[in-house]
Amino acid sequence: MKRNINRSTTSRKKRKYEETALREKRDSLPVINFLEGLKIHVHVANFGAGRLKIFEKQIEKYGGELIRDLPISSGEITHIVFEESIDAEKLKKLVIPAHFPNAHFVRCTWLSLSVKNKTREHVVGHEIETGAEKLKGIDSKSTLVIAGCSKNVNSSNHTSLDVNAGNVQPCHCSIECSSGSTRSLQILPENNLEACDKSAHGEQVSHNLVNEGDRLLAPPSEEKCVTNSKLRNFKVKWESNESLTESNKTKYGGERLEPENHENLLKKSTPQGPLNKDKGSTNVKAFSKQLQSKFVCSQPSTSHSKGFNSHITKELEKLAAAYKSKNDTWRAVGYQKAISAIRNYSKEITSREEALGIRGVGARLADKVSEIIESGKLRKVAEVCEDDEAKTLQLFMGVWGAGPTTAKNWYIQGFRTLDDLQTKATLTRHQQIGLKHYSDINSRIPREEVAEIENYVREAALTIKEGLIVMVCGSYRRGKPTCGDVDVLITHPDGQSHTNLFKSVLKKLHENGFLTDDLVTQEDNGNQQKYLGVCKLPGAHKKHRRLDVIVVPYAEYAPATMYFTGSAHFNRSMRLLATKMGMSLSEHGLRAGVVRQGREKLTEGYLLDTPSEESIFAHLGLEYRSPQERDH
DNA sequence: CCCA
DNA sequence: AGTTGGT
DNA sequence: TGGGCAACAACT
Ligand SMILES: [Mg+2]
């Protein structure tokens, strides 16, 4: 069941929309070249793949010269941009500051702020103080600096590279030691190293094969040493070798960056890594757009639907609803995807082949479309609509607090009507309320009434504390003419007054009977985050309405607003995009540097600054979309 | 369900 | 831990 | 064959 839920709450991505790519090309022309004359390199370390691309793209967009591959030394480079968590100590493990006498070593906040203000910001406050003595550079051969390597001799008597660097493709190469001497060695699978002149078996010499600061020199050009996608996922493990104990050796030794997710998205357009810089590299812009174009969140929702095929989508919607009530959510998602594609199709579909050409419509759905075209309806739909079980499940799911599992159980117990539930079923407190207000809760709210409720809540809140921000999000903010419920977000600009606000606000709202039922509320918990309940405006003939309130700290205002505005589909799409970029998005914030193994998070990463919704879009490399454009 |  | 809910 | 439209809070 848990697996089903997880499966049911995730879903597919959308592939159509060649139009998206076209529009995006048009939009990407530079407006201001405030980076003109600057030669900027973005260092890969600790950046997620996508985030790196975004910064690189921005440099090009605003007239800067992007130095894609960092040479050993250069007097020409003006800026090297690092990820936020890189401090001076870490920086020195990545580059030799003295080899870039004219470069500013800045955190990417400098670039973010510059882009935000469309002006070249001063580096003060963003610069990483290296205290570098100025030296002249050597040559421009590309290298990979060994920033962390395990000295531990493993079972096969091999020194291994820092596993967090990703796997380096097995090859012959050489190491240039800090002392200046070089040594030939072989990289084996799993990053194990072996000296080419290795003599005896299991020699202790192996743990001195490489040291921090050594540089991995490019192998002969024939032999590809490090694939780009691996390099793009290069991470630095900062623990000193000395501190590696047996226990954390095991811990880190078992972990691998999983570049596969990125690879799938990267491989079509990724450049060669620094070790193969002569191969040239490609099209950062295309990459980023290609990544995004698969995500609904990159594309405005088309509000003006034509309705050429509403006779088709109407039928398919019924099936989608039926599958959803049967807990077959991924099938429902597949239907929903196709429905969305067909709805946006610009003319009436007249053949199976035409339907098959639409992204998201496969053979089976094309058959169904064909049947609708020819007969006007689907046997399958008729079957479902007559189906006692499906109809009953959908009826029961209308009870707030009852999902597919409960509905199914009730059905198995022989219940068929709401009255059966009222008189015979075991109901949770939620379900009792849900049943009591079944009709009202399942009816739409005109947006005018939503505005009334908003004002009622705002006035109540403002009697508790001045300066509170009270705004309605959800479908109301997306501009829909009717809403299923009212989603009120409350915060306070002072960053403090939101604490313990629920208790007093809810008490106030209860006073005159505005709140009629509480569903989810934790008023004993000072950390309460949400209230779900039922309210009714004063006056006759008013319906009971579902009211959701969240109270958030001001620091989370933007991500909370994003979440609460939705749509759900939009949120899920944007969150998936974030994961593909090595980030994580929730209502609490946007994190970067998140390391995952499959779907499991290994590293929390760190919070990015998200003062506005715009900043969240920007971090993800997306054009801003207004709430109305998020109605997917 | 669709798709790679 | 499983279910439901919010976007 | 398995991911896709996520990542949370709260109740039971
Ligand atoms: Mg709503």
Side-chain angles (χ1 to χ4, degrees), chain A residues 1-16 260-261 264 294-297 316 319-320 323-324 327-341 356 358-368 397 399-409 426-431 434 473-478 484-487 489 518-522 525 527-532 546-550 559-580 583-589 591 594 598-599 601 627 630-632:
Chain A
M1 179 47 73
K2 174 161 195 180
R3 186 169 53 249
N4 284 341
I5 292 289
N6 287 338
R7 289 284 295 162
S8 72
T9 49
T10 44
S11 134
R12 72 198 159 156
K13 67 194 155 195
K14 211 160 187 176
R15 317 231 145 185
K16 59 165 211 179
E260 281 68 30
N261 283 344
N264 289 337
K294 301 194 172 190
F295 291 82
V296 165
C297 61
L316 297 182
L319 282 182
Y323 287 126
K324 195 176 175 188
N327 221 356
D328 193 350
T329 315
W330 280 104
R331 180 163 296 163
V333 156
Y335 272 79
Q336 200 52 60
K337 163 99 184 154
I339 289 166
S340 178
L356 203 47
I358 299 174
R359 180 78 71 171
V361 179
R364 301 178 62 108
L365 272 171
D367 288 340
K368 291 180 174 67
M397 285 233 300
V399 177
W400 202 97
T405 302
T406 308
K408 176 91 175 179
N409 286 338
T426 306
L427 300 173
T428 67
R429 195 179 58 83
H430 290 166
Q431 290 155 0
C473 300
S475 52
Y476 179 84
R477 186 160 182 257
R478 297 200 307 273
D485 62 5
V486 184
D487 306 296
L489 180 152
D518 298 331
L519 289 162
V520 171
T521 181
Q522 278 197 345
N525 183 349
N527 295 321
Q528 180 180 358
Q529 301 187 45
K530 67 163 80 163
Y531 169 87
L532 310 181
R546 279 274 299 101
L547 176 67
D548 300 349
V549 183
I550 61 173
T561 304
M562 286 292 310
Y563 148 71
F564 220 31
T565 298
S567 68
H569 184 177
F570 180 90
N571 286 351
R572 294 164 76 171
S573 171
M574 193 179 234
R575 288 173 182 205
L576 183 72
L577 176 62
T579 70
K580 295 304 181 197
M583 302 160 97
S584 173
L585 176 65
S586 79
E587 55 268 45
H588 298 298
R591 291 176 167 273
V594 177
R599 255 156 273 124
K601 257 195 255 184
R630 306 175 206 167
D631 194 43
H632 292 278

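The model shown is predicted, which means the values in this text are computed figures rather than measured ones.
- Here A/Ala578 lies out of heavy-atom contact (under 4.0 Å) with every strand.
- Side-chain nitrogen and oxygen atoms of A/Thr406 include at least one within less than 4.0 Å of the OP1 or OP2 phosphate oxygen of C/dT4.
- Pairing for B/dC2 goes to D/dG3, judged as Watson-Crick or G-U wobble with the two contacts each under 3.5 Å.
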Pairing annotation in dot-bracket form, given for DNA chain C with Watson-Crick or G-U pairs under 3.5 Å and | for cross-strand partners:
|||||.|

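- Proximity of A/Lys601 to the phosphate of D/dC8: a side-chain N or O atom is located under 4.0 Å from OP1 or OP2.
- Side-chain N/O atoms of A/Arg359 include one lying less than 4.0 angstrom from OP1 or OP2 on B/dA4.
- Between A/Arg599 and D/dA7 there is no side-chain polar atom (N or O) within less than 4.0 angstrom of OP1 or OP2.
- Within the 4.0 angstrom heavy-atom criterion, no nucleotide atom of any strand lies near A/Val549.
- Look at A/Thr405 and you'll find a side-chain N or O under 4.0 angstrom from OP1 or OP2 of C/dT4.
- When the nucleotides D/dA10, B/dC2, D/dA7 are ranked by their closest atom to the side chain of A/Gln529, D/dA10 comes out on top.
- Here A/His588 reaches the OP1 or OP2 of D/dA9: one of its side-chain N or O atoms lies under 4.0 Å away.
- Counting any heavy atom pair closer than 4.0 Å across all strands shown, A/Leu319 reaches no nucleic acid atom.
- Among the heavy atoms of the strands, none lies under 4.0 Å from A/Ala320.
- Across all strands shown, A/Asn571 has heavy atoms under 4.0 Å from base atoms, whether or not it also approaches the sugar-phosphate.
- With hydrogens and angles ignored, the 3.5 Å screen pairs no side-chain donor or acceptor of A/Ser584 with any backbone N or O of A/Arg591.
- Positionally, the nearest nucleotide of DNA chain D for A/Arg575 lies more toward the 5' end than for the other of A/Asn527 and A/Arg575.
- Using a 4.0 Å heavy-atom criterion, one finds that A/Arg591 contacts no nucleic acid atom at all.
- Between A/Trp400 and C/dG6 there is a side-chain N or O to OP1 or OP2 distance below 4.0 Å.
- We find that NZ of A/Lys294 is positioned 16 Å from P of D/dG3, with the value rounded to whole Å.
- Around NZ of A/Lys408, the count of heavy atoms belonging to other residues, nucleotides or ligands within 6.0 Å does not exceed 12.
- Across all strands shown, A/Thr521 has heavy atoms under 4.0 Å from sugar-phosphate atoms exclusively, and none from any base.
- Among the heavy atoms of the strands lying under 4.0 Å from A/Tyr563 is at least one base atom, whether or not backbone atoms are also near.
- Contacts of A/Arg546 with the nucleic acid, taken as non-hydrogen atoms under 4.0 Å apart, involve only primed sugar atoms and P, OP1 or OP2.
- Residue A/Gln522 places at least one side-chain N or O closer than 4.0 Å to OP1 or OP2 of D/dC11.
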